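Structure, as structure tokens:
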Amino acid sequence: MKKETIIPESRDPAFRDAVLKTPVGEKIPTCMQCGICSGSCPVSHEMDYTPRQLVRMVQLGLKKEVLSSNTIWICTTCFSCSVRCPRGIHPTELMETLKPMAIAEGIENKDSKFDHVFSGVVRTNGRASEFLLISKYGIVEPGIIKQLPFGISLFQKGKLPLSSYKMEDTKELDAIFKLGEKSGEKEKEIKGENKVEGKDAQGESKDTQEKTKATMEKVPQENEKPDRGEKK
């Protein structure tokens, strides 16, 4: 897979700090890039960036690259990486932390679309339905038509039933989805308020930051000594 060159100007310190302030971000700076997480991941070959690379990108504050990556959506939450990390970092939980951020930014790709369709099917029926899943996903991602011959062969072998089963009571499941929606709406509201007020991800206004920077420039450094014009 061809990847775009990452340039220093694409770094976003505010994004990095926002992730590091989350419960899962505490140990991210300790990552030593050993690669155990990537070697343990059963689907890393389908990712544009492996878990190891994604953690490093978060350290660098590469917001666009991280949130646009398909890695956070492909993760199967098997927790192999989290269990084996020698530094105690939890890449699995990091993926779940980054998903709402990507949604709040309005970033979508084919993998995020699949996630939304899958969630919708489960919310409606209470369980997954292969036929409904592939049918609805085909509407939002027409490229899936290439898999039609494979789907027909599955149907002929009885591996793709047309009927779908529904849970008798999905109230508790629906409550879980509504709780997630409220959390996402709250994050969007905070982002919108900060944007209107001219604040960054840390909630500080740009004017305040500029004034602070100007003040710090006027304060002499501790190690600086006044030049008295003395000759040595």
Side-chain angles (χ1 to χ4, degrees), residues 3-38 41 47-75 77 79 81-82 85-109 111-112 115 180-219 221-222:
K3 300 175 183 178
E4 296 182 1
T5 303
I6 297 174
I7 57 177
E9 289 76 10
S10 63
R11 295 185 181 185
D12 188 340
F15 166 72
R16 177 199 61 205
D17 295 340
V19 176
L20 296 186
K21 287 181 180 180
T22 63
V24 72
E26 182 180 358
K27 293 187 176 180
I28 286 180
T30 68
C31 176
M32 59 184 182
Q33 293 291 294
C34 66
I36 290 179
C37 56
S38 300
C41 180
M47 297 175 173
D48 46 10
Y49 298 105
T50 64
R52 173 187 67 81
Q53 292 174 320
L54 197 74
V55 172
R56 180 57 179 157
M57 290 162 67
V58 170
Q59 290 178 337
L60 296 174
L62 301 176
K63 178 179 179 180
K64 179 182 177 181
E65 291 79 3
V66 169
L67 298 184
S68 300
S69 171
N70 69 358
T71 302
I72 60 179
W73 302 103
I74 290 181
C75 173
T77 61
F79 290 93
C81 55
S82 298
C85 178
R87 293 295 194 183
I89 301 171
H90 298 282
T92 302
E93 288 86 339
L94 175 62
M95 307 296 178
E96 296 303 316
T97 301
L98 295 172
K99 283 181 182 179
M101 293 184 176
I103 294 173
E105 292 289 333
I107 298 174
E108 284 191 352
N109 53 40
D111 299 289
S112 64
D115 188 272
E181 289 174 353
K182 289 181 180 179
S183 177
E185 290 174 359
K186 185 176 180 180
E187 187 169 345
K188 286 183 178 181
E189 288 177 1
I190 294 174
K191 180 185 174 183
E193 292 174 358
N194 289 344
K195 187 175 182 181
V196 171
E197 297 176 8
K199 298 179 179 179
D200 64 1
Q202 295 177 326
E204 297 180 350
S205 65
K206 293 181 179 179
D207 292 338
T208 302
Q209 290 179 345
E210 291 177 358
K211 290 179 181 178
T212 302
K213 182 178 179 181
T215 303
M216 292 300 293
E217 291 176 349
K218 293 179 181 179
V219 177
Q221 300 296 324
E222 293 182 0

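Just so it is clear, the structure is predicted and the values come from calculations on it, not from any experiment. What you see below is based on every heavy atom in this structure, not just the backbone, and it leaves out hydrogens, waters and symmetry mates.
- Of the possible polar contacts, none joining the Ser69 side chain to the Glu65 backbone as a donor-acceptor pair under 3.5 Å is found.
- Note that CD1 of Ile72 is 6.0 Å distant from CG of Leu67, once rounded to the nearest 0.5 Å.
- Atom-to-atom distance recorded for Leu62:CG and Ser68:OG is 11.0 Å, nearest 0.5 angstrom.
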- Dump the intermediate steps for side-chain contact (heavy atoms from CB on, under 4.5 Å) on Met57 and Leu60, then the final yes or no. CA-CA 5 Å; Met57 290 162 67; Leu60 296 174; 5.7 Å; no
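- Residues Leu98 and Leu54 meet the side-chain proximity criterion, which asks for heavy atoms closer than 4.5 Å.
- Side-chain contact annotation: Gln59 with Arg56, donor-acceptor N/O pair under 3.5 Å present.
- The two residues Met47 and Asn70 make their nearest non-hydrogen contact at CA-OD1, 3.5 Å.
- Atom CD1 of Ile74 is separated from atom CG of Asp48 by 7.0 Å, given to the nearest 0.5 angstrom.
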- Task: Tell me, with the steps shown, if Glu96 and Thr77 meet side-chain contact (heavy atoms from CB on, under 4.5 Å).
- Result: CA-CA 9 Å; Glu96 296 303 316; Thr77 61; 3.5 Å; yes
- Task: Begin from the C-alpha positions of Val66 and Phe15 and carry the test side-chain contact (heavy atoms from CB on, under 4.5 Å) through to its verdict.
- Result: CA-CA 10 Å; Val66 169; Phe15 166 72; 4.0 Å; yes
Atom pairs and distances, side-chain donor-acceptor, residues 23-38, under 3.5 Å, sequence neighbours left out:
residue: Thr30; atom: OG1; partner: Lys27; partner atom: O; Å: 2.5
residue: Gln33; atom: OE1; partner: Arg52; partner atom: NH1; Å: 2.8
residue: Gln33; atom: NE2; partner: Arg52; partner atom: O; Å: 3.1
residue: Ser38; atom: OG; partner: Thr50; partner atom: OG1; Å: 3.1
residue: Ser38; atom: OG; partner: Arg52; partner atom: N; Å: 3.2

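- Within the structure, side-chain hydrogen bond (donor to acceptor under 3.5 Å, both in side chains) contacts touching residues 85-95 (residues at least two apart or in different chains) are Ser82-Thr92, Ser82-Glu93.
- Note: Ile107 CD1 to Met101 CE = 11.5 Å, rounded to the nearest 0.5 Å.
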- Please walk me through it: do Arg11 and Lys63 pass side-chain contact (heavy atoms from CB on, under 4.5 Å)? CA-CA 7 Å; Arg11 295 185 181 185; Lys63 178 179 179 180; over 6 Å; no
